[in-house]
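The model shown is predicted, which means the values in this text are computed figures rather than measured ones. Note: hydrogens, waters and symmetry copies are ignored here, and every other heavy atom, side chains too, is used.
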Amino acid sequence: GGRAIPSSAGGRQGLGGAFVEELVALAPGWSLAAGVRGDWWHNRATAGAITSEGGGTRRARALSPRLSLRWQASGRWALDLAAYRSFRAPTLNELYRGFRVGDVVTDPNPRLGPERLGGAELGAGWQGDRRRVRATLFTMSLHDPIANVTVATSPGLIRRRRENLGRTRSRGVELEGEAELTSRLSCNASWLLVDATVVRFAADPTLEGRRVAQVPRAQLAASLNWRGDALGAALAARWAGRAFDDDRNNLALGSFLVIDAELARPLPHGLAAFIAVENLFDAEYAVGRTPVETVGAPRLLRLGLRLHRRG
């Protein structure tokens, strides 16, 4: 018989960072928050991972500032403006680990570089005695995002590779609201509308203008909570619009609605017993098509105890 020979095809990473922030009251009703984060990334490939495509030692440094300004127009109204940058280094998994799901093989890429994001937000909020609403406009530009890019397609196999996908842009609006309907009943809801598209990818311009995979244009979440003396109940719903599971926007994922429910009973000593049902109506929906369809979790029943320690 043969003898197994161990091999290594990975690397070692070092990550470090530091953050500083200053809060300043500029004038009555005006406040400023200014911060900056410094990140350091070091990646060293093992001997088995050094190939003609890449490997060896990689390093990167980044400074990510953030600036936010708030105007408290009145006791109920506030306006916020923020601008920021951020940094993310590729993981060992993205650099060195490939995988296969159905007829799709995804290759790693030891030459991946870090992602860098720049964004801005404008938000307005209103706070009442028992109600709160907020609206936020945002725009974000992600440079060199790490994505699974299709490189070859055949009847029996789709091959993808992790790549730095040039630049993507996300623009949208988010609405949020909370209300105490009675002393025992409360509700909250949020709605997100976003246009996430590939703006530039010099290696394959045919991807430019396509939607970013796995990002629906619209998402909605809402919940209703009741607090009784001997029993609490919660009902939550989440809806997501149509999206795509691939970079070329060929594999569509339909919209879906999932509803969860929970009952909880307080017990002595900070304990609470609960029964929860996820996907209450056992909705069947696709979360992946690669091209084998992967469906979301079916109805799930959970029983348990929670411990709440008061400070």
Side-chain angles (χ1 to χ4, degrees), residues 66-71 73 76-86 88 115-128 131-148 165-179 186-201 207-225 234-260 278-279 281 283-289 296-297:
R66 179 181 177 87
L67 189 68
S68 62
L69 180 67
R70 161 163 282 211
W71 176 41
R76 296 184 181 273
W77 285 96
L79 188 69
D80 296 280
L81 178 64
Y84 49 85
R85 296 189 63 185
S86 64
R88 187 183 79 87
E115 301 176 340
R116 301 174 190 268
L117 179 141
E121 298 178 3
L122 175 63
W126 178 84
Q127 177 82 47
R131 294 172 177 83
R132 182 185 72 88
V133 293
R134 181 173 178 81
T136 303
L137 296 171
F138 63 86
T139 179
M140 294 182 291
S141 181
L142 185 57
H143 294 260
D144 296 324
I146 298 170
N148 296 336
L165 189 61
R167 184 166 70 91
T168 64
R169 182 184 62 208
S170 299
R171 292 175 175 173
V173 59
E174 183 175 19
L175 303 177
E176 303 171 275
E178 297 178 4
S186 64
C187 67
N188 62 71
S190 64
W191 178 67
L192 175 65
L193 181 66
V194 59
D195 176 33
T197 57
V198 179
V199 176
R200 185 186 72 249
F201 186 40
L207 295 184
E208 295 176 1
R210 299 186 188 272
R211 289 169 57 183
V212 176
Q214 290 282 350
V215 180
R217 289 193 185 277
Q219 300 178 65
L220 177 67
S223 66
L224 194 64
N225 300 276
L235 192 67
R238 54 189 175 93
W239 174 86
R242 188 169 176 263
F244 293 98
D245 193 39
D246 67 316
D247 57 312
R248 298 192 176 278
N249 294 178
N250 292 325
L251 304 175
L253 300 173
S255 60
F256 65 87
L257 173 67
V258 174
I259 296 177
D260 305 326
E278 298 178 10
N279 195 357
F281 297 106
E284 184 173 313
Y285 58 98
V287 295
R289 291 186 58 199

Check whether the side chains of Arg167 and Ser141 place a donor and an acceptor atom closer than 3.5 Å, and report yes or no. yes
Taking the side chain as C-beta and beyond, is there a heavy-atom pair between Leu122 and Leu79 under 4.5 Å? yes
Counting heavy atoms not belonging to Trp71, are there more than 12 under 6.0 Å from its CH2? no
Spatial distance of atom OG (Ser255) from atom CZ (Arg242) [nearest 0.5 Å]: 9.5 Å
Rounded to the nearest 0.5 angstrom, the CZ-CG distance for Arg116 and Leu142 is 11.5 Å
If I take atom CD from residue Glu178 and atom CD from residue Gln127, how far apart are they, to the nearest 0.5 angstrom? 8.0 Å
With a 6.0 Å cut-off (strictly less than), is the heavy-atom count around CZ of Arg88, excluding the residue itself, greater than 12? yes
Decide side chain to side chain contact (heavy atoms under 4.5 Å, CB included) for Leu257 and Tyr285; before the verdict, give the C-alpha distance in whole Å, the side-chain angles of both, and the deciding distance to 0.1 Å. CA-CA 8 Å; Leu257 173 67; Tyr285 58 98; over 6 Å; no
On a heavy-atom basis, the closest approach of Ser170 and Ala196 is OG-CB, 3.5 Å
From Phe138 CZ over to Leu192 CG, what is the distance, rounded to the nearest 0.5 angstrom? 5.0 Å
Closest heavy-atom pair, Gly166 versus Pro145, reported as atoms and distance to 0.1 Å, is O-CD, 3.6 Å
Arg76 and Gly128: which non-hydrogen atoms are nearest, and at how many Å? NH1-CA, 2.8 Å
Mark yes or no for whether Asn249, through its side chain, and Arg211, through its backbone, hold a donor-acceptor pair below 3.5 Å. yes
Which atom pair, heavy atoms only, marks the closest approach of Ala147 to Leu165? CB-CD2, 3.9 Å
Does Leu67 form a side chain to side chain contact (heavy atoms under 4.5 Å, CB included) with Leu81? I'd like the steps, not just the answer. CA-CA 8 Å; Leu67 189 68; Leu81 178 64; over 6 Å; no
For Arg134, is the CZ atom crowded, meaning more than 12 foreign heavy atoms sit under 6.0 Å from it? yes
Without swapping roles, check the side chain of Arg210 against the backbone of Arg248 for a donor-acceptor pair under 3.5 Å. yes
Do Glu278 side-chain atoms and Asp260 backbone N/O form a donor-acceptor pair below 3.5 Å? no
List the steps, then state whether side chain to side chain contact (heavy atoms under 4.5 Å, CB included) holds for Ile146 with Glu115. CA-CA 7 Å; Ile146 298 170; Glu115 301 176 340; 3.6 Å; yes
Quick check for you: to the nearest 0.5 Å, what is the distance between Cys187 atom SG and Leu235 atom CG? 12.0 Å
Kindly compute the distance separating CG (Asp247) from CD (Gln214), expressed to the nearest 0.5 Å. 12.0 Å
Judged by atom type as modelled, is there a donor-acceptor pair below 3.5 Å linking the side chain of Asp245 to the main-chain atoms of Leu251? no
What are the two closest non-hydrogen atoms of Ala82 and Arg66, and how far apart are they? CB-NH2, 3.9 Å
Check whether any side-chain N or O of Arg289 sits under 3.5 Å from a backbone N or O of Ala252 as a donor-acceptor pair, and report yes or no. yes
So Asn225 and Asn188, side chain to side chain contact (heavy atoms under 4.5 Å, CB included) or not? Walk me through it. CA-CA 9 Å; Asn225 300 276; Asn188 62 71; 4.0 Å; yes
If you take all heavy atoms of Leu193 and Ala218, which pair is closest and at what distance? CD1-CB, 4.2 Å
Is the number of heavy atoms from other residues, nucleotides or ligands within 6.0 Å of CZ (Arg131) greater than 12? no
